[in-house]
Amino acid sequence: MRLSRGFIPTLKETPNEAQIASHRLMLRAGLVRQTSAGIYAWLPLGLRVLRNIERLVREEQDRAGAQEILMPTIQPADLWRESGRYDDYGAEMLRIKDRHDRDMLYGPTNEEMVTDLFRQAVKSYKELPQILYHIQWKFRDEVRPRFGVMRGREFLMKDAYSFDLDHAGAVSSYRKMMLAYMRTFQRMGLKAIPMEADTGPIGGDLSHEFIILAPTGESQVYYDAAFEEIDYLSAGAGGFSHERPEDLERFFKEMTTHYAATDEKHDLGRWEQVAAKREGRGIEVGHIFYFGTKYTKSMNATVAGPDGKPLHPEMGSYGIGVSRLVGAVIEASHDDNGIIWPDSIAPFKAAILNLKVGDAACDAMCEQLYAAFDGNALYDDRTDRAGAKFADADLMGHPWQIVVGPRGAAAGKVELKRRATGERVEVSVEEALKLCGAA
RNA sequence: CGGGGUGUGGCGCAGCCUGGUAGCGCGCCUGUUUUGGGUACAGGAGGUCGUGGGUUCGAGUCCCGCCGCCCCGACCA
């Protein structure tokens with residue numbers, strides 16, 4: 001994208017309504033604009049990040065054996081009457097009526113709908129297990145939306161639902177999802193800690209929430225440093241495969257034996273036993289639940305068992321706050337000058353800064369670089385001053401900045417800057433492309 | 001939903017106490033200038049002062065209602 005043509009409205013000053021770092025930076029870097037309390041429009045730069053996060057989430061869901069579907073945002077109230085949650089959910093659920101005066105709602109979650117789909121289609125235990133997920137907008141009419149996209153009313157969530165024949169199967173699905181989550185967060189450059197959680201309105205008796213570490217997080221967290229040593233992505237010895245039950249067993253044991261708790265659940269007695277203590281601030285970005293037959297029973301979803309008799313499958317549900325993650329990553333990774341995107345979700349791999357638009361050597365070099373990135377670079381071809389370009393590039397947080405100025409261009413060199421470290425090297429165009437991983 | 005705050009060109013703010021035709025910085029447009037960390041100068045465009053009502057000869061300013069937004073708390077992916 002050429003910045004001179006891009007719809008990337010950056011701001012020098014922080015709008016008054018934004019108080020926390022990620023919200024300020026998202027507005028200043030032109031990622032989003034607020035349209036009403038807790039509801040945001042995603043602009044090109046922000047949308048690219050959102051899509052990148054979706055892609056990572058999707059890849060890891062698929063790897064864990066989940067199948068992607070897409071359920072609607074609008075649901076009929078009747079489904080929720082079946083489960084009994086239509087009355088339980090309260091004012092947080094946005095209730096609407098269609099033109100025929102039928103009660104509808106904007107889905108805050110999808111247990112009822114997916115259970116309905118399942119019971120219509122799946123008739124035999126032989127078809128189990130199934131894990132279905134979708135990435136769809138949700139609406140929860142929060143009393144007090146805040147922190148930008150971290151606590152919006154409308155938000156993008158990945159929610160998965162597992163159906164298993166029995167408790168053992170459900171636990172296995174639960175563990176697969178947990179592994180998928182740890183892999184997902186690691187790939188996004190985040191340190192995530194799984195913590196035992198209450199099940200809340202979803203119901204059930206096994207639940208974990210995933211907290212990522214960020215200095216500005218909402219809650220204080222205490223955990224065993226052992227979590228920081230684990231590599232969830234490794235395929236070799238000591239790695240974890242979704243396919244091998246023994247791996248899942250070992251993985252789950254790792255996740256549940258090391259100490260981890262938020263301040264509300266902090267147990268000083270157990271904490272004292274932890275050899276390598278770590279504490280910090282955290283943001284919840286995912287939550288998983290096992291709740292057995294809560295919905296299959298209330299909504300009468302059955303499959304025929306081996307003996308031909310109907311059985312209620314055991315369910316779990318698994319959520320990742322996709323749009324929240326955009327804010328959470330920024331909270332975890334920024335400095336005074338702006339955002340520092342992890343490579344895996346950055347909107348662009350690199351920014352190409354042409355310090356002297358109109359200079360034949362600079363223009364040619366920039367065009368060559370821009371073409372080589374094949375759309376994955378933001379080319380700052382504006383006629384602004386160098387300082388403005390440096391400031392905007394830092395603000396937007398591209399992992400690499402390739403600075404092309406008349407001084408270096410004459411010698412066939414560009415300056416390559418790594419946003420995260422500030423490190424700069426003077427290299428040829430070819431070397432720059434190689435170092436950025438574009439060539 | 002309880003408590004607090006705030007609303008004035010795109011963004012940040014002053015003006016309100018003590019009513020008299022709306023101002024500053026940034027941004028934007030034009031020109032000159034500058035050219036490796038938000039250059040300087042000159043000219044210019046842009047505002048129903050959130051909204052409805054009231055008081056007054058006259059309301060951004062005073063009074064009442066409503067709405068939006070933000071912060072703290074209770075609640076949450």
Side-chain angles (χ1 to χ4, degrees), chain A residues 9-20 23-24 27-28 30 33-39 53 57 89-93 107-110 135-160 181 197-202 207-212 218-219 262 264 283-289 317-328 336-338 353-359 362 380 382-395 401-410 413-415 417 422 424 426:
Chain A
T10 59
L11 299 171
K12 258 171 108 163
E13 285 171 282
T14 304
N16 174 251
E17 76 260 20
Q19 296 300 320
I20 62 158
H23 192 194
R24 286 201 303 265
L27 291 172
R28 286 195 51 213
R33 285 289 115 103
Q34 183 171 134
T35 63
S36 60
I39 304 181
I53 292 175
V57 167
Y89 219 92
E92 224 175 71
M93 184 152 75
T109 178
N110 286 66
I135 300 174
Q136 178 64 289
W137 292 92
K138 305 290 187 291
F139 195 92
R140 294 183 190 172
D141 201 356
E142 298 279 347
V143 190
R144 189 186 157 210
R146 59 183 127 172
F147 306 142
V149 299
M150 298 236 286
R151 176 100 180 265
R153 292 193 291 171
E154 186 183 58
F155 57 96
L156 188 61
M157 179 164 98
K158 185 285 301 179
D159 39 326
Y181 276 36
D198 293 325
T199 52
I202 307 267
S207 178
H208 283 87
E209 56 187 26
F210 297 80
I211 307 276
I212 63 150
E218 290 180 72
S219 46
T262 56
E264 324 61 274
I283 301 168
E284 183 184 350
V285 292
H287 204 153
I288 62 178
F289 306 85
S317 73
Y318 314 90
I320 290 182
V322 174
S323 49
R324 170 180 281 191
L325 271 166
V326 179
D336 290 343
N337 295 325
L353 311 190
N354 188 340
L355 298 193
K356 189 160 190 178
V357 173
D359 177 274
C362 289
D380 193 343
R382 298 174 301 178
T383 52
D384 292 286
R385 306 209 59 194
K389 299 191 180 196
F390 290 132
D392 273 347
D394 283 348
L395 175 62
Q401 292 171 20
I402 305 175
V403 182
V404 180
R407 210 169 63 198
K413 297 280 186 184
V414 299
E415 185 183 278
K417 176 182 160 186
R424 304 152 192 253
E426 195 141 306

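Protein chains get the first letters and strands the later ones, always in sequence-line order, with residue 1 at the start of each. Worth knowing before you read on, the calculation uses all heavy atoms, side chains too, and leaves out hydrogens, waters and symmetry mates.
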Any side-chain heavy-atom pair of I320(A) and M157(A) under 4.5 Å:
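Not in contact.
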
If you define the side chain from C-beta out and look only at heavy atoms, does anything of R424(A) sit under 4.5 Å from V403(A)?
no

With rounding to the closest Å, how many angstrom separate the [atom1] atoms on [N] and [M]?
N      : M      : atom1 : value
C64(B) : G4(B)  : P     : 16 Å
A40(B) : G23(B) : C1'   : 23 Å
G31(B) : C24(B) : C1'   : 24 Å
C28(B) : G10(B) : C1'   : 8 Å
U56(B) : C63(B) : P     : 16 Å

Report yes if a side-chain nitrogen or oxygen of R385(A) is closer than 4.0 Å to either non-bridging phosphate oxygen (OP1 or OP2) of U35(B); otherwise report no.
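So the side-chain polar atoms of R385(A) never come under 4.0 Å of the phosphate oxygens OP1 or OP2 of U35(B).
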
So, OP1 or OP2 of G27(B): does either fall under 4.0 Å of a side-chain N or O from K12(A)?
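Yes, such a contact exists.
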
For F155(A) and A77(B), say yes or no: do the ring centres fall under 5.5 Å of each other while the ring planes differ by less than 30°?
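Taking the rule of under 5.5 Å and under 30°, the ring of F155(A) does stack on A77(B).
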
Measure from the side chain of A386(A), starting at C-beta and using heavy atoms only, and say which of G38(B), G36(B), G12(B) lies closest.
G36(B)

Looking at the side chain of R324(A), which of G38(B), C11(B), A77(B) is the nearest nucleotide?
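Selected nucleotide: A77(B).
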
Hey, are D394(A) and Q401(A) close enough side-chain-wise for a donor-acceptor pair under 3.5 Å?
yes

Examine the base of [N] for any acceptor or donor lying under 3.5 Å from a partner atom in the side chain of [X], and report the outcome as yes or no.
X       : N      : value
R424(A) : G37(B) : yes
R151(A) : C76(B) : yes
E13(A)  : G27(B) : no

Would you mind classifying the nucleic acid contact of [X] as base, sugar-phosphate or nothing, using non-hydrogen atoms under 4.0 angstrom?
X       : answer
G152(A) : base
G319(A) : nothing
V285(A) : sugar-phosphate
D159(A) : nothing

Over how many whole Å does the gap from [X] atom [atom1] to [N] atom [atom2] extend?
X       : N      : atom1 : atom2 : result
E142(A) : A77(B) : CD    : P     : 9 Å
D394(A) : G36(B) : CG    : P     : 17 Å
F210(A) : C76(B) : CZ    : C1'   : 17 Å
K356(A) : U39(B) : NZ    : C1'   : 15 Å
I212(A) : A77(B) : CD1   : P     : 15 Å

Under the ring-ring contact (aromatic ring centres under 6.0 Å, His included) rule, collect the residues that match up with F147(A), sequence neighbours excluded.
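ring-ring contact (aromatic ring centres under 6.0 Å, His included) list for F147(A), sorted by chain: empty.
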
Closest-nucleotide ordering on RNA chain B, the 5'-leading residue of E284(A) and E426(A)
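Counting from the 5' end, the first nearest nucleotide belongs to E426(A).
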
RNA chain B: 5'-proximal contact among P15(A) and I320(A) (nearest heavy atom)
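First, find each residue's nearest nucleotide; the 5'-ward one identifies P15(A).
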
With B for base contact, S for sugar-phosphate-only contact and - for none (protein heavy atoms under 4.0 Å), nucleotides 67-73 of chain B reads --SSBBB

